[in-house]
A.B. asks: 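Handing you a structure now.
All of these numbers come straight from a predicted model, not from anything done at the bench. Below, read A as the first sequence line, B as the second, and so on, with proteins coming before strands; counting in each chain starts at 1.
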There are 2 protein chains.
Amino acid sequence: MSSELTEPGTGPTGAAPTLSEVAKRAGVSSITVSRVVRMPDLVAPETRARVEQAMRDLGYIPNLVAGALASARTNSVGVLVPTIANSIFADTVQGLSDKLEPLGFSVILAQSRYDAAREDRMLAALLSRRPEAIIMVGSPATEDGSRLLRNARIPIVETWDLPANPIDAVAGFDNYKAGVAVAKHLVAQGRKQLAFIGGDDPRGTRRWFGFRDEASASGLAEPRRLILDRKDSGSVAAHARLPGVDAVFAANDAHAIGFMSGLRKAGLLRDGPASAQPVAVIGLGDLEMGQLISPTLSTISVHGDAIGRTAATLTLERGGERRIDLGFELVLRDSG
Amino acid sequence: MSSELTEPGTGPTGAAPTLSEVAKRAGVSSITVSRVVRMPDLVAPETRARVEQAMRDLGYIPNLVAGALASARTNSVGVLVPTIANSIFADTVQGLSDKLEPLGFSVILAQSRYDAAREDRMLAALLSRRPEAIIMVGSPATEDGSRLLRNARIPIVETWDLPANPIDAVAGFDNYKAGVAVAKHLVAQGRKQLAFIGGDDPRGTRRWFGFRDEASASGLAEPRRLILDRKDSGSVAAHARLPGVDAVFAANDAHAIGFMSGLRKAGLLRDGPASAQPVAVIGLGDLEMGQLISPTLSTISVHGDAIGRTAATLTLERGGERRIDLGFELVLRDSG
DNA sequence: TTCTTTCATGTTAGCGCTAACATTAGTCGA
DNA sequence: TCGACTAATGTTAGCGCTAACATGAAAGAA
């Protein structure tokens, strides 16, 4: 034996080296190599050193695919989000990764693009990789998807909402109450003509219901609801379609900022405090950006990363409380 | 004692059903079931129907872990990004997923958090899952990481930059030239005191070099460089640390908008066109938000999703051009 | 008819690893 | 002194699936 690099059968020559090749080189059985990788304390120091040297010599990288099949543990978690680009769900993915990766779990990421059929497909695709848990934003859109998850017999965490009949665990907040809180605030501010802009996904719709119900309960006319296409920063033009409105709840901050941009063009934005705004605007999400624009954006603050970290925890512990309400906070700044 | 396994037609009783259980129920051999799953055309229609019924009855979900071990194909791609939250890399992940998921590939996501040691660990973790390719933002920070990838013998795509000696394939743009373009523009506008704000990651640094070199070549004093912590929207306070500066290039739009927010507080922001701005600001990334604020943000536009889709393509095709420059575009609006 | 081809299905032998159970020395208390 | 234990390592038998080859029946081709 000579140098550490590029030996026959080593380096970038042929196929990746296997456990038993390392074992042969170190003069031990393969199970010993396996132990060095997974439970080094069980191996005598000298043997361990020999094996570690052999692994280095060969550039051995354990094959977790084989390990997973043999041990029935994949050390992976499936994550399903509607979309990751330009969305607050990225915070949730970040949060759960930060918790899971140091523990040796890998994140398998899939996107549904708010499409029920694709969601079902991605769910099946995820399950076929035998993850040890699934974390998803919201709940399955179809009964099929729901059954798939129920039958999977692994922890399932639904996030960003508090479904009445969760499959297993939940980490989210009450979207209905968020809508109520915004309406309450706007009513207290003396606003009369409310409107809601946002998508028609389940969570947005729940916000709308809370918003509408509270407005009606306060004796106001039923608010208008403008359903925007995702990625429709056409929220810029939304104002034109909402004549007479003096307060708007946008289902997310991006829409809120887009709407404010439309207001600015119409000369309906002041640099002063909320009371000076002809049209109050409240967002949801508390993007950092909201504090940087003028007027600063009032919003429902939600901790996307905390949702992710909590979901990760629920994934790891089977016992304990399985329904965690992380709440939200109405953060009042200058826009409304 | 007796059969502890899933009763025919029963719900989720025991362990997940296997290929051979489906085969038994359909009265065929397991390879036939395997064919129904993977190459249905090779199976006679009646047999296929019988097998499909059995799969439905048992709620069979193929085990891709076992399949991957047997076929030496995992149908997965490892993706390494510095961070996914609140970043334009999410666009890239979205782009590559959109291309890869319909083809049956899963995305295994890992984050380095701009930490070289963590990057190496995540690279090893990814490789141990035997992905069929790796797509990463930037290049490995260490020689170890680089060697790991070189020895992996799978397509490696480095993105968001155009490294001189790529490991394999590249999909990105020239960060140096982006800095040059911004400096050129500011000089042409008659700006004299330039400054650069941003992080000190490799790509940001390359932008800085281009910016600095071009400014010097134009006879200006060497620009100031302010290195900000990530997530430091302290860019708001950056202006105080840059007295006398009349033009700023921010390494990303978020910093640019934060900086503008600081300018606003200092009364140095006008609603008029670039020529009216006491301090010009140019960002990079072209976040949608940049068009919504006032003044609208001038920026270097980069197509993060196109980078992702291109990287996915490079992953699938081994032949052809392996170095794709997706370029950038200086988009001039009102901020500078 | 007899040979060849095609189609549909089956048999066999692993993929690279680990669980579960040996096995072999060495240690130790009474 | 001896069984009882511990520490270190090994043996065996798969995990659930697929590649590669084998088989048998039906349908032409000659």
A.B. asks: Is the side chain of A:T310 donor-acceptor paired with the backbone N or O of A:A306 at a distance under 3.5 Å, no angle test?
C.D. replies: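 Yes, because the side chain of A:T310 sits within donor-acceptor range (under 3.5 Å) of the backbone of A:A306.
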
A.B. asks: So, does A:R129 use its side chain to make a donor-acceptor pair with the main chain of B:L64 at under 3.5 Å?
C.D. replies: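 Not at all, since once roles are kept as given, no pair shorter than 3.5 Å links the two residues.
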
A.B. asks: Would you mind classifying the nucleic acid contact of A:S30 as base, sugar-phosphate or nothing, using non-hydrogen atoms under 4.0 angstrom?
C.D. replies: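 The answer is nothing, as A:S30 stays clear of every strand by at least 4.0 Å.
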
A.B. asks: Any side-chain N or O of B:S29 under 4.0 Å from OP1/OP2 of C:dT11?
C.D. replies: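 False: B:S29 side-chain N/O out of range (4.0 Å or more) of C:dT11 OP1/OP2.
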
A.B. asks: Counting any heavy atom closer than 4.0 Å, what does A:V28 reach on the DNA or RNA strands: base, sugar-phosphate only, or nothing?
C.D. replies: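 Here A:V28 touches the backbone only, sparing every base.
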
A.B. asks: Which of these nucleotides, C:dA19, C:dT9, D:dT9, is closest to any side-chain atom of A:T47?
C.D. replies: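 So the nucleotide nearest the side chain must be D:dT9.
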
A.B. asks: Between D:dG16 and B:Y60, is there an OP1 or OP2 to side-chain N/O distance shorter than 4.0 Å?
C.D. replies: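 Looking at the OP1 and OP2 atoms of D:dG16, neither is under 4.0 Å from any side-chain N or O of B:Y60.
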
A.B. asks: What's the closest nucleotide to the A:N63 side chain, out of D:dA19, C:dT18, C:dG16?
C.D. replies: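 Nearest to the side chain of A:N63 among the choices is C:dG16.
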
A.B. asks: Which heavy atom in B:P155 sits nearest to a heavy atom in B:T315, and how many Å separate them?
C.D. replies: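 Heavy-atom minimum between the residues: CG-O, 3.9 Å.
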
A.B. asks: Between atom CE in A:M39 and atom C1' in D:dT9, what is the gap in whole Å?
C.D. replies: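 Going from A:M39 (CE) to D:dT9 (C1'), I get 13 Å.
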
A.B. asks: With a 4.0 Å limit, can you tell me whether B:T32 has a side-chain N or O closer than that to the phosphate oxygens OP1/OP2 of C:dG10?
C.D. replies: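 Checking C:dG10 against B:T32, a side-chain N or O does come within under 4.0 Å of OP1 or OP2.
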
A.B. asks: Please give, in whole Å, the distance from D:dC17 C1' to B:R38 CZ?
C.D. replies: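 Rounded to whole Å, this separation is 8 Å.
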
A.B. asks: What is the separation between atom CD1 on A:I31 and atom P on D:dC15, rounded to the nearest whole Å?
C.D. replies: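 Atom-to-atom, A:I31 to D:dC15, this comes out as 17 Å.
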
A.B. asks: If you look at every strand shown and take non-hydrogen atoms under 4.0 Å, does A:R35 touch a base, only sugar-phosphate, or nothing?
C.D. replies: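 A:R35: base contact, heavy atoms under 4.0 Å.
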
A.B. asks: Look at the side chain of A:A70 and decide which nucleotide, out of C:dG10, D:dT18, D:dG14, has an atom nearest to it.
C.D. replies: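 The nucleotide sitting nearest to the side chain is D:dG14.
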
A.B. asks: In Å and rounded to the nearest 0.5 Å, what is the CG to CZ distance from B:L42 to B:R48?
C.D. replies: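 CZ of B:R48 is found 9.5 Å from CG of B:L42.
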
A.B. asks: Take the protein atom CG of A:L19 and the nucleotide atom P of D:dG14, then report the distance between them rounded to whole Å.
C.D. replies: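 Spelled out: CG on A:L19 to P on D:dG14 is 20 Å.
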
A.B. asks: Under 4.0 Å between a side-chain N/O of B:S34 and OP1 or OP2 of D:dT18, yes or no?
C.D. replies: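 Looking at the OP1 and OP2 atoms of D:dT18, one of them is under 4.0 Å from a side-chain N or O of B:S34.
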
A.B. asks: If you check the A:V43 side chain, which of D:dT9, C:dA8, D:dT18 turns out closest?
C.D. replies: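 Output: D:dT9.
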
A.B. asks: Heavy-atom nearest nucleotide on DNA chain C for B:R50 versus B:R130: which residue maps closer to 5'?
C.D. replies: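 Closest to the 5' end, via its nearest nucleotide, is B:R50.
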
A.B. asks: Rounding to a whole Å, what distance do you find between B:L69:CG and D:dC15:P?
C.D. replies: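 Distance, rounded to whole Å: 13 Å.
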
A.B. asks: Counting any heavy atom closer than 4.0 Å, what does B:A72 reach on the DNA or RNA strands: base, sugar-phosphate only, or nothing?
C.D. replies: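 The answer is nothing, as B:A72 stays clear of every strand by at least 4.0 Å.
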
A.B. asks: I need the B:Q111 CD to B:M122 CE distance, nearest 0.5 Å.
C.D. replies: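 B:Q111 CD to B:M122 CE: 8.5 Å, rounded to 0.5 Å.
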
A.B. asks: Is B:V65 touching bases, backbone alone, or none of the nucleic acid, heavy atoms closer than 4.0 Å?
C.D. replies: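 No contact.
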
